[in-house]
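One structure is given here, and the rest of the page talks about it.
Below, each value reflects all heavy atoms present in this structure, side chains not excepted, and no hydrogens, waters or symmetry copies. What you see is a predicted model; the values in this text were computed from it and never measured. In what follows, chains carry the letters A, B, and so on, assigned in the order in which the sequence lines appear, proteins first and then strands, with residues in each chain numbered from 1.
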Amino acid sequence: MTPTNRERVWQVIHSIPAGKVCTYGRVAEMAGLPRQARAVGRYLSELPKDSKIPWFRVINSQGKLSFEVGSDRFVTQKLKLQDENIAFSNNKVNLKTYLWQGE
DNA sequence: CATTTGACTTGTG
DNA sequence: CCACAAGCCAAAT
């Protein structure tokens with residue numbers, strides 16, 4: 001079976017170590033899909049809320065979550081990240097500290 | 001096949 | 001820091 005782009009993205013996301021985060025653009029790039037950050041977001045948008053993949057480790061390039069503050073998804077993701085020992089500053093993650101740039 | 005859409009990114013002011 | 005615009009590209013309609 002031919003691996004779809006979606007599956008490559010899954011693989012990259014699974015390879016993100018706990019306690020680290022990655023941006024959409026970076027995930028896309030590592031998946032061999034440069035400039036397809038939006039595609040990554042669309043793939044994630046189809047994930048069931050209880051999906052086993054660590055989608056919460058993927059945030060945007062500003063170090064913020066791509067949801068409205070206070071929304072269900074925002075809160076869920078924030079809690080998940082905090083569970084990974086990732087600290088928030090004014091609803092933002094310090095990318096200098098937590099960004100995973102590959103192996 | 002044309003148009004719209006979207007969990008994005010970067011630049012400008 | 002916030003708002004807006006343009007660039008980008010795959011999937012959905």
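One can place CG of D72(A) at 14 Å from C1' of dA7(B), the figure rounded to the nearest angstrom. Regarding R26(A), its CZ atom lies at a distance of 19 Å from the P atom of dC8(C), rounded to whole Å. When the P atom of dC1(C) is taken as reference, atom CG of N90(A) falls 8 Å away, rounded to whole Å. The interatomic distance linking E46(A) (CD) with dT5(B) (C1') rounds to 13 Å, in whole Å. We find that CH2 of W55(A) is positioned 12 Å from P of dA7(B), with the value rounded to whole Å. Distance CG (L65(A)) to C1' (dG6(B)): 17 Å, rounded to an integer number of Å. Distance L33(A) CG to dC8(C) C1': 13 Å, rounded to the nearest Å. For the pair L44(A) CG and dA10(C) C1', the computed distance is 14 Å after rounding to whole Å.
Of the charged side-chain nitrogens involved, none lies within less than 4.0 Å of a carboxylate oxygen, so that R35(A) and E29(A) do not count as a salt-bridged pair.
OP1 or OP2 of dG6(B) has not a single side-chain nitrogen or oxygen of Y43(A) nearer than 4.0 Å.
When the nucleotides dA7(B), dC9(C), dT9(B) are ranked by their closest atom to the side chain of Q36(A), dC9(C) comes out on top. The side chain of R35(A) approaches dC9(C) more closely than any other nucleotide in the set dA7(B), dC9(C), dA10(C). Distance from the side chain of R38(A) is smallest for dC8(B) among the nucleotides dT9(B), dA7(B), dC8(B). Side chain of S66(A), nearest nucleotide from dA10(C), dT9(B), dC8(B): dC8(B).
Taking for each of Q62(A) and G41(A) the nucleotide of DNA chain B with the nearest heavy atom, the 5'-most of the two is the partner of G41(A). Nearest-nucleotide positions on DNA chain B for G25(A) and R42(A) put R42(A) closer to the 5' end.
Summarising the local packing, CD of Q82(A) is surrounded by more than 12 heavy atoms from other residues, nucleotides or ligands at distances under 6.0 Å.
Residues V21(A) and I16(A) are not in side-chain contact: their nearest non-hydrogen atoms beyond the backbone lie 4.5 Å or more apart.
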